[in-house]
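Everything below concerns the one structure shown next.
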Number of protein chains: 2
Amino acid sequence: MNWGKAMEKKTQKHGKSVVKMRDVAALANVSIATVSRYLNGNLDRMSADTADRVADAIDKLNYVPNSAARQMVKKSSGLVAVVAGNIDDFFSTEMFKGINAMLESKGYIGVLFDSNSDLDREKHLMQIVSNQYFDGAILQPYNTVQVIRETIKRPMPIVMADREIEQSPWPQVVTNNYEVARQATQYYKDKGFKRVIMITSSLSMAANRRDRYYGIQSVINNIDVLEVSEKSYNHKKVLEQLTTLINGSQEDTLIFALKERWLTEFIPRLFYMGLIDNDHVAVTGFSDTGTAQYIDAKTKLIAQNPYLIGASSGEIMLNMLEGKHRDPEKIVVPAKFG
Amino acid sequence: MNWGKAMEKKTQKHGKSVVKMRDVAALANVSIATVSRYLNGNLDRMSADTADRVADAIDKLNYVPNSAARQMVKKSSGLVAVVAGNIDDFFSTEMFKGINAMLESKGYIGVLFDSNSDLDREKHLMQIVSNQYFDGAILQPYNTVQVIRETIKRPMPIVMADREIEQSPWPQVVTNNYEVARQATQYYKDKGFKRVIMITSSLSMAANRRDRYYGIQSVINNIDVLEVSEKSYNHKKVLEQLTTLINGSQEDTLIFALKERWLTEFIPRLFYMGLIDNDHVAVTGFSDTGTAQYIDAKTKLIAQNPYLIGASSGEIMLNMLEGKHRDPEKIVVPAKFG
DNA sequence: CTGTTAGCGCGTTCAT
DNA sequence: ATGAACGCGCTAACAG
């Protein structure tokens, strides 16, 4: 029997490498403790010479530490899970960038999961996050507090981003949806607009959208709601509906898109068709990317600050990770109209 | 000295819970081996009764397995790292969705990292991916093969997505950038267009853009290139440049955007200004989200299929994970014009 | 400055 | 059908 290759232990499932700390130690003529110290930056606890030898050995053997083993004893992976609502949204991805900017300043790193606007999938992801070795989780969830509690069984630092929840047991970072919608609407009301056509996805889903609706309503309650399905819709039909709605009243009308996508997909055509004149018919809406601002120079929009929301969430997470326990406070990152 | 709380062992860095397999075993009156079997689905190796007792105990204690310990012995985490070029791009996020669709069918799960179009950051992320316990990595990299090799020291399955590289040691999944750009250009040439204004980010960055350029050039070589900075640019100035370029020639001109963003940000205005008539001045370009198709009914665009590219990458990864070693083949997922 | 050693929590033979 | 015991690779006392 050939024991040569057969005996070769594998440290990775894929690959031939076996090299572990003891190999490095052997080659460098030191104990594994010394190697460990070197790896963890305790260079003051060894002579420069040994350090060099260890470094050489590591390099020569192409040694890479086994993170699972390290995590098991350190009880930390340095990884923070971020579960976003839908990564196709600029809001989510930009928030993630903000989160990472903060986390990385302290050596942590965020990894992104995509719940794809699906309640069950989100729950599934939270389970995985709970089962894997993440030091914390930043959530932008659709599920309720109760479901989240039941799903994430392991005690771990949690921050809720972009979701306002009553009685949240975790800190949350949110936007002033109600206020800014109100402010924008007021601006147009002052200019004589008396009616709103609101374009939105299904209202039931997110509390955010509901807040925006209430914000508008608190100023102008003559609102026509046009619901468009996120998944699939007939572009032409929506345009017709919009046209009909616009022409259906003598009042000066404000078209209010709760999501940037509706702005970029429908509004340019309305401009082109001459239906929007900024005088009797104007447009506004939430616009995170800034793309929509180029539709027309006179259009004023609402810009959220997903990056800052992420950064704030990341900062709170860092505090929790470092044991400075914070209360489940609520931080409001205001959106801006103008 | 108070040994009460002080002696409490913690299994998580944050949280009071200590419950581990032996606790479950104790409560269920079985050995930890049995619990382990239960957890790993070896239900045929125990009586239904014991299984129930174990299940109860797990539930009662709210036990969650320590994934680090499990990974250490199983040499697998079930996690696949995806390093995307820029998650603000629909292409990247949609590709990620495609990847996950495949991976999840076999119980794996993809996690997303964002290199933010930054070479150094990408390298840093690859290091992390290499050091952490991921079963494989799907890369959409800007770095060269050599850098990647040096950075990811640990032998692990790797797939290159959306990046065409000569002599790649890893399988790759790409788009027919050259061909489809050529095809689109040909279409307009046949209609009498003799000149192209190409809008792009910096050409040097990605091979993809270069291929597109060559594709156009192979049909029409009268090309004016307008470079726009991804990070920041003056919208008004770009519009002026475009206007000047358009008016700078008597030839029928095709405006060709290498990226959807330039389509949605500049073209609607040009339409509105009457500069585009689809007759002497037409527009085309790469458009992944489909948003741009509503700019004008007559506009024909190029649609890539990031989801499918992701799915293919995921499938290849699965094969590699299951040991069916594939050659570093190249799969082409064609983009469509029309 | 450096080495020895006892765990970390779980999977897995090998017995029974 | 079930348990005892070893080992995965590394860190952190402790010892010297």
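The sequence lines fix the lettering, A, B, ..., with proteins before strands; numbering per chain opens at 1. As the structure is a prediction and not an experimental result, all values here were calculated from the model.
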* Asked: Contact class for B/V30 vs. all strands (heavy atom < 4.0 Å): base, sugar-phosphate, or nothing?
  -> sugar-phosphate

Out of C/dG11, D/dG9, C/dT2, minimum distance to the side chain of B/N40 belongs to C/dG11

Exercise for review: Would you indicate, yes or no, if D/dT11 has its OP1 or OP2 atom less than 4.0 angstrom from a side-chain nitrogen or oxygen of A/R70?
Suggested key: yes

Q.
Applying a 4.0 Å non-hydrogen cut-off, can you work out what A/N42 is touching in the nucleic acid: base, sugar-phosphate, or nothing?
A. nothing

To the nearest angstrom, the CD-P distance between B/Q132 and D/dC10 comes to 14 Å

Using a heavy-atom cut-off of 4.0 Å across all strands, would you classify B/M21 as base, sugar-phosphate, or nothing?
sugar-phosphate

In whole angstroms, the gap separating P of D/dG9 from CG of B/N66 amounts to 16 Å

What's B/N29 touching, base or sugar-phosphate or nothing? Going by heavy atoms closer than 4.0 Å. sugar-phosphate

Notebook entry, point to check: Between D/dA1 and B/T34, is there an OP1 or OP2 to side-chain N/O distance shorter than 4.0 Å?
Noted result: no

Closest to the side chain of A/K74, out of C/dC14, C/dC10, D/dA12, is D/dA12

- Judged by modelled atom types alone, do A/N86 and A/S92 share a side-chain donor-acceptor pair under 3.5 Å? no

Please tell me if A/Y63 has a side-chain N or O lying less than 4.0 Å from either OP1 or OP2 of D/dC10. yes

Taking for B/I32 and for A/A33 the nucleotide of DNA chain C with the nearest heavy atom, the one nearer the 5' end belongs to A/A33

For A/K123, the salt bridge (Lys or Arg N to Asp or Glu O under 4.0 Å) test, sequence neighbours excluded, returns none

Below the 4.0 Å mark, does D/dA1 have OP1 or OP2 next to a side-chain nitrogen or oxygen of B/T50? no

Do the side-chain N or O atoms of A/S31 get closer than 4.0 angstrom to the phosphate oxygens (OP1, OP2) of C/dT4?
no

By nearest-heavy-atom nucleotide on DNA chain D, the more 5' of B/D44 and B/M72 is B/D44

From the candidates D/dG9, D/dC10, D/dT11, the one with an atom nearest any side-chain atom of A/P65 is D/dC10

Among the nucleotides C/dC1, C/dC14, D/dT11, whichever has the atom closest to the side chain of A/M46 is C/dC1

Notebook entry, point to check: Contact class for B/S47 vs. all strands (heavy atom < 4.0 Å): base, sugar-phosphate, or nothing?
Noted result: sugar-phosphate

- Kindly say whether A/I165 contributes a backbone atom to a donor-acceptor pair with the side chain of A/S168 at under 3.5 angstrom? no

Applying side-chain hydrogen bond (donor to acceptor under 3.5 Å, both in side chains) to A/S67 and not counting sequence neighbours gives none

